[in-house]
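Notes follow the structure.
FYI, side chains are in, hydrogens and waters are out, and symmetry mates aren't considered; it's all heavy atoms of this structure.
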Amino acid sequence: MPYTREMFVKENYPEHYGQFLLGKQEGWQEGRQEGEQNGLQKGELTGKIQMLQQFLKQPVSPKQELLLKNIDELQNIYNILEKEWQQVQN
(Lines give C-alpha, C1' and ligand atoms only; values in the text may rest on other atoms or scores of the structure.)
Protein backbone atom coordinates (compact mmCIF):
# COMPACT_ATOMS: atom_id res chain seq x y z
CA MET A 1 0.00 0.00 0.00
CA PRO A 2 1.42 3.45 -0.87
CA TYR A 3 2.32 5.91 1.85
CA THR A 4 -0.51 8.45 1.83
CA ARG A 5 -0.84 12.01 3.07
CA GLU A 6 -3.24 10.74 5.71
CA MET A 7 -0.63 8.29 7.02
CA PHE A 8 1.96 11.07 7.11
CA VAL A 9 -0.27 13.39 9.12
CA LYS A 10 -1.30 10.63 11.51
CA GLU A 11 2.33 9.62 12.19
CA ASN A 12 3.98 13.05 12.29
CA TYR A 13 1.21 15.39 13.43
CA PRO A 14 -1.20 13.32 15.51
CA GLU A 15 -2.52 16.47 17.19
CA HIS A 16 -3.78 17.65 13.77
CA TYR A 17 -5.08 14.31 12.54
CA GLY A 18 -8.69 14.98 13.60
CA GLN A 19 -8.62 18.31 11.82
CA PHE A 20 -7.19 16.58 8.74
CA LEU A 21 -10.04 14.07 8.72
CA LEU A 22 -12.61 16.84 9.15
CA GLY A 23 -11.12 18.74 6.19
CA LYS A 24 -11.12 15.56 4.13
CA GLN A 25 -14.79 14.96 4.93
CA GLU A 26 -15.70 18.56 4.10
CA GLY A 27 -13.86 18.21 0.79
CA TRP A 28 -15.86 15.08 -0.04
CA GLN A 29 -19.12 16.83 0.81
CA GLU A 30 -18.25 19.85 -1.33
CA GLY A 31 -17.27 17.56 -4.20
CA ARG A 32 -20.50 15.60 -3.91
CA GLN A 33 -22.57 18.81 -3.86
CA GLU A 34 -20.70 20.14 -6.88
CA GLY A 35 -21.28 16.84 -8.68
CA GLU A 36 -24.98 16.90 -7.86
CA GLN A 37 -25.28 20.49 -9.11
CA ASN A 38 -23.43 19.56 -12.29
CA GLY A 39 -25.72 16.56 -12.80
CA LEU A 40 -28.85 18.64 -12.31
CA GLN A 41 -27.61 21.25 -14.77
CA LYS A 42 -26.76 18.59 -17.36
CA GLY A 43 -30.16 16.97 -16.89
CA GLU A 44 -31.97 20.28 -17.30
CA LEU A 45 -30.05 21.16 -20.47
CA THR A 46 -30.62 17.66 -21.85
CA GLY A 47 -34.38 17.98 -21.40
CA LYS A 48 -34.46 21.44 -22.99
CA ILE A 49 -32.40 20.24 -25.95
CA GLN A 50 -34.70 17.28 -26.54
CA MET A 51 -37.78 19.49 -26.26
CA LEU A 52 -36.44 22.00 -28.78
CA GLN A 53 -35.48 19.18 -31.15
CA GLN A 54 -39.06 17.91 -30.96
CA PHE A 55 -40.50 21.39 -31.55
CA LEU A 56 -38.17 21.87 -34.52
CA LYS A 57 -39.12 18.42 -35.86
CA GLN A 58 -35.49 17.30 -35.71
CA PRO A 59 -34.25 13.87 -34.69
CA VAL A 60 -34.18 13.78 -30.89
CA SER A 61 -30.75 13.00 -29.46
CA PRO A 62 -30.73 10.06 -27.04
CA LYS A 63 -30.53 11.11 -23.40
CA GLN A 64 -27.45 8.96 -22.72
CA GLU A 65 -25.62 10.49 -25.68
CA LEU A 66 -26.29 14.01 -24.42
CA LEU A 67 -25.31 13.19 -20.84
CA LEU A 68 -21.85 12.14 -22.04
CA LYS A 69 -21.20 15.71 -23.15
CA ASN A 70 -19.87 18.37 -20.81
CA ILE A 71 -21.96 21.36 -19.74
CA ASP A 72 -20.29 23.74 -22.21
CA GLU A 73 -21.09 21.43 -25.14
CA LEU A 74 -24.69 21.06 -23.98
CA GLN A 75 -25.04 24.82 -23.54
CA ASN A 76 -23.73 25.39 -27.08
CA ILE A 77 -26.21 22.88 -28.54
CA TYR A 78 -29.03 24.50 -26.57
CA ASN A 79 -28.05 28.00 -27.71
CA ILE A 80 -28.05 26.93 -31.38
CA LEU A 81 -31.43 25.21 -31.06
CA GLU A 82 -32.89 28.17 -29.18
CA LYS A 83 -31.85 30.54 -31.99
CA GLU A 84 -33.41 28.22 -34.54
CA TRP A 85 -36.63 28.13 -32.49
CA GLN A 86 -36.71 31.94 -32.24
CA GLN A 87 -36.38 32.18 -36.02
CA VAL A 88 -39.34 29.83 -36.45
CA GLN A 89 -41.37 31.92 -34.00
CA ASN A 90 -40.72 35.18 -35.90
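- The closest donor-acceptor contact from the side chain of Gln50 to the backbone of Pro62 lies at 3.5 Å or more, if one exists at all.
- Taking hydrophobic clusters as Ile, Leu, Val, Met, Phe, Trp and Tyr residues chained together by side-chain heavy-atom distances below 4.5 Å, Ile71 shares a cluster with Ile49.
- Between Glu82 and Gln86, the closest side-chain pair of non-hydrogen atoms falls below 4.5 Å.
- A distance of 11.0 Å separates CD in Gln75 from CD1 in Ile80, rounded to the nearest 0.5 Å.
- Gln29 CD: more than 12 foreign heavy atoms inside a 6.0 Å radius.
- Partner Glu84 forms a side chain to side chain contact (heavy atoms under 4.5 Å, CB included) with one of Leu52, Asn79, Leu56 and no other, that one being Leu56.
- If you chain together hydrophobic residues whose side chains sit under 4.5 Å apart, Phe55 and Leu81 fall into the same group.
- In this structure, Leu67 stands alone, with no Ile, Leu, Val, Met, Phe, Trp or Tyr side-chain heavy atom under 4.5 Å from its own, directly or through other members.
- Taken from CD in Gln41 to CG in Leu74, the straight-line distance is 9.0 Å, to the nearest 0.5 Å.
- Remark: Tyr78 pairs with no residue by the ring-ring contact (aromatic ring centres under 6.0 Å, His included) rule, at least two apart or across chains.
- In this structure a side-chain-to-backbone donor-acceptor pair under 3.5 Å is present from Glu73 to Asn70.
- Val88 and Ile77 end up in the same hydrophobic cluster when Ile, Leu, Val, Met, Phe, Trp and Tyr side chains are linked at under 4.5 Å.
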Legend entry - side-chain contact (heavy atoms from CB on, under 4.5 Å) between Glu36 and Arg32, worked out: CA-CA 6 Å; Glu36 288 174 0; Arg32 186 176 66 238; 3.8 Å; yes
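- The shortest side-chain heavy-atom distance between Lys69 and Leu45 does not fall under the 4.5 Å cut-off.
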